[in-house]
Amino acid sequence: MSDLEFLFNPQEIAVVGASASPQKIGYSILNNLILSGYPGKIHPINPKEKEILGLPCHSSVGKVKGKIDLAVISVPASLCIQVARECGEAGVKGAIVITAGFKEVGGEGLKLERELQAVGKKYNMRLVGPNCVGLMDTHTPINASFAVGFPEKGTISFISQSGAMLVAILDWSFQAGLGFSRFVSLGNKADLSEIDFIESCTADPNTKVILVYAEDVTDGEKFVRVCTEAGKIKPIVILKSGTSTAGAQAASSHTGALAGSNRAYDTAFRQSGVLRAENMSELFDLGRAFSTQPLPGGNRVAIITNSGGPAIIATDAIEKSGLRMARFNKPTIDQLHDNLPAESNIYNPIDVLGDARVDRFRFALQMAFEDENVDSVMVILSPTAVAEPEETAKTIMEFKDKYPHKPVFAVYMGGKTLVESKGILLAGSVPTFTFPESAVRALEGMVRYAEFRRTQDEAPSTLLLPPQVDKNTVKATFYDVIKDRRVLLLAHESSRVLDAYGIPVNCTYLTTTADEACRISQEIGFPVVLKVSSPRIAHKSDVGGVEIGLHNRREVEGAYKRIMERVSRYMPDAPIYGIEVQKMVDDGVELIIGMSRDIQFGPMIAFGLGGIYVNLLEDVSFRLAAALNNRKTIEEMIAETKAYTLLKGYRGQKPADMEAVIDAVYRTAQLVQDFDEITEMDINPLRVYNCGATGLDVKITISLD
Ligand code: COA
């Protein structure tokens, strides 16, 4: 775990650029540090001043007698390098560079940022920013930022790539009654990134949940590794903005078109147990839920309500989510029946009716909390004339304390009349919502995370043995393709690559004479298919370049001549490399195994229903190739698709060869990890039988560099 104690709990701090002018940022930082109650020593640095805000001032960091752990730098960009050097010379461990005018402005700014990085490296001084607001820790306490105010003490850490977002959330948090352990503004991430702070907040005993606002991830591979480990200890929720489909639009393969960078983020987050929030309110709903509630034991929810409509909305939302409506056990139903009015619904949702006072809610709460078929409880209250929202709020809190292992959420549907009762609930650490859908989403996030934790606790699936492969053949094939100034492999070349990796493929042979085509057909066995081979002809059938169902030498010979004749007539300028020969194969379940390479996260494998409707059906699951090194992950990936139902044997069909599918996915993942030059790949369809499988159409694109 990264140890950034010198940032969050330093002994001595220097504020370089501290100012006596209250309009200046250097003043705010100093003032914030003092007001936060920071217990260590503060040294304002300013060559013109003797004292600022009652603290003795030095002309440079080097003049300070003590050992400074942290420097907060707020001088113009042109002075930053010199100041950073002085800090380095003085043995400062970390510097928060508030100053703007670096990478974000390009040109000279970028150069300046590189210089700053070099200074940090030279002196082993870690950098936060530049172009950031600073950071805070409410438990130290320390406010090394120029934000307005200091958050309430709490257990949420918020790491933000946007400084503006951080100050906005801080301001909102006072009104929302949300407490924080840490606030971090990342700025340009010249050195320390979200990954370092996720590690540090994971190790922080005062943080229960880590929230991140990110525009990008600095190092995809490290991010996945760190988050997977951190996620075993505490939940990480990320709002990733700037999701773009540009990559997907530019892709030429099916997989590439389905993937795109947004999907890569989704896949990487899911694999590492990170919850992805759709928007800011969901990010903080989850923050509040995780910081106040225990993890649910399962996905079964009980709803207690005094109003039918909102309960139906909640039920609908639950049914659409990964949650389930709990089915109460018999004693619960009997007791509800005996004690609630005859008109009440005693099955889930428990409708205590519009005339319910607190006593009915209390009884229903007791029943729901005690039923072992219930994993979490949601109370939905509408402010009828007889409702007792404040009393009910206190009762909910009572049950929360009495049953600390079951989460409870409140949906108080209304505004004006519920201000006080909502305040009671929030102060009592009960996540409280105005509408049911957001409560359901937050609860679902908790359930998903709890599930991730459970799977991490299970014994890890054993790694698959490295497959026997022939890398030299793949290398030689790519060499020939590049020599031919192409990036797209021809069918016989793709088939050679797959064969070298033991991925089942209906081998394609390139022949240059009719005689050779006959000989190969004889060898592989009739019936066969003949196709023209030319880098200029993508749609072979359109130019009469394909003949199928050839049963003997005579038919092959005839087909060879006809294809040559038609193609040279329709496309006289296209270079013809020869005629491909392939064995005709039987029908089977058609799958796709594909790969698209993401700029951040590397090769990502797609699996699903294949054939020509791939993009229409979108029955595809994704995993980063690096994760497909064990059976369990591959099986889970397959099981997520509808193709899985077909493979198991749909409507009386015999089950397909699952082992062959697992092996093909595994070997494809190995191939694309071994060869960075493969940019995109589709095996579509991979036809699967009761015994064995074979790739029929394989498209591999490589990069020229
Ligand atoms: N060591 C210490 N202090 C120095 C110094 C040095 N070598 N050289 C100058 N100073 C002092 C200045 O004299 C001044 O103090 P004063 O008020 O007593 O004169 C103080 O440092 C600040 O310098 P100044 O030139 O007044 O700059 P500024 O305060 O107007 O602006 C920044 C400095 C960093 C705030 C500004 O350059 C900046 O980057 N602003 C944007 C910040 C931002 O938006 N960050 C990202 C948020 S998301």
Side-chain angles (χ1 to χ4, degrees), residues 12-33 42-64 68 70-90 92 95-110 112-113 115-116 119 125 127-136 143-149 158-171 183-194 197 212-216 241:
E12 299 195 26
I13 302 181
V15 179
V16 189
S19 173
S21 314
Q23 317 80 292
K24 294 218 178 162
I25 285 183
Y27 174 91
S28 303
I29 296 167
L30 191 63
N31 198 33
N32 276 344
L33 275 169
I42 308 170
H43 305 283
I45 310 292
N46 183 320
K48 294 193 297 195
E49 303 284 347
K50 290 271 164 291
E51 187 188 286
I52 306 176
L53 287 168
L55 295 168
C57 198
H58 293 86
S59 58
S60 74
V61 171
K63 296 275 169 22
V64 178
I68 296 166
L70 173 64
V72 189
I73 299 175
S74 174
V75 293
S78 56
L79 301 176
C80 274
I81 304 300
Q82 180 53 30
V83 162
R85 235 178 245 130
E86 285 167 14
C87 290
E89 291 288 342
V92 171
I96 301 173
V97 185
I98 302 289
T99 313
F102 286 84
K103 187 174 76 178
E104 79 281 6
V105 297
E108 280 303 302
L110 184 63
L112 211 56
E113 186 154 324
E115 277 180 60
L116 186 65
V119 172
M125 177 174 71
L127 304 170
V128 183
N131 188 28
C132 72
V133 171
L135 55 78
M136 308 176 201
N143 182 355
S145 81
F146 69 96
V148 179
F158 179 45
I159 301 163
S160 178
Q161 195 166 345
S162 151
M165 192 73 87
L166 184 136
V167 293
I169 291 301
L170 174 64
D171 195 45
F183 259 95
V184 180
S185 164
L186 295 173
N188 293 1
K189 307 194 276 186
D191 173 18
L192 292 166
S193 74
E194 66 288 337
F197 287 108
V212 184
Y213 167 76
E215 281 148 24
D216 59 23
S241 67

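As the structure lists them, so they are numbered: ligands from 1, and atoms in each ligand from 1. Residue numbers start at 1 and run along the sequence shown.
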Taking only distance into account, with no hydrogens and no angle test, what donor-acceptor pairs under 3.5 Å do side-chain atoms of residues 22-30 form with protein atoms, sequence neighbours excluded?
none

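Heavy atoms of P76 approach ligand 1 to within less than 4.0 angstrom. Residue contacts with ligand 1 include P47, since one of its heavy atoms falls under 4.0 Å from the ligand. Y27 does not count as a contact of ligand 1, since none of its heavy atoms falls under 4.0 Å from the ligand.
Residue F146 has at least one heavy-atom neighbour below 4.0 Å for each of these atoms of ligand 1: 47 (C). Listed by number with element, the atoms of ligand 1 under 4.0 angstrom from any heavy atom of N131 are 45 (N), 46 (C), 48 (S). Near S19, meaning under 4.0 Å from any of its heavy atoms, are these atoms of ligand 1: 16 (P), 17 (O), 18 (O).
Contacts between C132 and ligand 1 below 4.0 angstrom, taking non-hydrogen atoms only, involve the backbone exclusively. Contacts of Q82 with ligand 1, taken as heavy-atom pairs under 4.0 Å, are absent altogether. By the criterion of a heavy-atom distance under 4.0 Å, neither the backbone nor the side chain of F102 is placed next to ligand 1. In I25, the part holding a heavy atom less than 4.0 Å from any atom of ligand 1 is the side chain.
Evaluated by nearest non-hydrogen atom to atom 1 (N) of ligand 1, the leading choice among V15, V16, L79 is V16.
By the side chain to side chain donor-acceptor pair (under 3.5 Å) test, E104 is found to be paired with N188, residues two or more places apart in sequence or in another chain being considered.
Inside a 4.0 Å radius of atom 36 (C) of ligand 1 there is not any protein heavy atom.
Heavy-atom minimum distance, V61 versus A14: CG2-CB, 4.4 Å.
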